[in-house]
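This structure is a prediction, so every number in the text was calculated from the model and none was measured. Numbers here simply count residues along the sequence, with the first being 1.
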Amino acid sequence: AFDGNNDGENNFLEFSTGQNPNAATITATPLVRNGANLEFTYTRSKAALADGVIFTVEWSDTMAAGPWSATGVTQQLLTDNGTVQTVKATLPAGTGGRRFVHLTVIR
């Protein structure tokens with residue numbers, strides 16, 4: 001949970017997303033609407049995968065307290081440089097005019 005470089009991301013998240021925990025970087029997670037779908041792209045460290053870290057893309061139609069959902073989310077590996085992978089998660093855009101998306105990283 002320690003954030004050694006005070007950039008707002010803890011060392012676990014930086015390790016999991018393939019960042020250097022000593023550099024003041026923030027992971028990029030672009031979100032793009034593509035027709036009736038949303039495309040959420042993120043990076044993940046192969047070392048984190050080997051350590052059993054689980055990456056889940058979830059969505060909610062409100063920011064109210066309550067469960068987020070991974071229903072309808074599919075993931076596709078875009079690139080793998082041997083150390084870091086880039087993954088695109090595709091999910092329904094929903095019908096309410098807005099949908100919130102986040103990446104959950106747990107061990």
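Using a 3.5 Å distance cut-off with no hydrogens or angles, the side chains of Glu58 and Thr104 do pair a donor with an acceptor. Residues Thr17 and Gln19 bring a donor and an acceptor atom of their side chains to less than 3.5 Å of each other. Using a 3.5 Å distance cut-off with no hydrogens or angles, the side chains of Tyr42 and Gln75 do pair a donor with an acceptor.
Within the 4.5 Å cutoff, the side chain of Val87 has no heavy atoms near those of the Thr43 side chain. Inter-residue side-chain proximity for Trp59 and His102 is flagged as unmet; no heavy-atom pair is nearer than 4.5 Å. Contact of the Asp51 side chain with the Arg107 side chain is registered, since non-hydrogen atoms from C-beta on lie closer than 4.5 Å.
Atoms CG and OG1, from Asp61 and Thr95 in turn, are 7.0 Å apart once rounded to the nearest 0.5 Å. To the nearest 0.5 Å, the span separating CD1 on Ile54 from CG on Leu49 amounts to 10.0 Å. Rounding to the nearest 0.5 angstrom, the gap separating the CG atom in Leu103 from the CZ atom in Arg44 is 10.0 Å. Taking NZ from Lys46 and OG1 from Thr83, the interatomic distance works out to 8.0 Å, rounded to the nearest 0.5 Å. Between Asn37 atom CG and Thr74 atom OG1 the span is 7.5 Å, to the nearest 0.5 Å. Rounding to the nearest 0.5 Å places OG1 of Thr90 at 9.0 Å from CG of Leu38.
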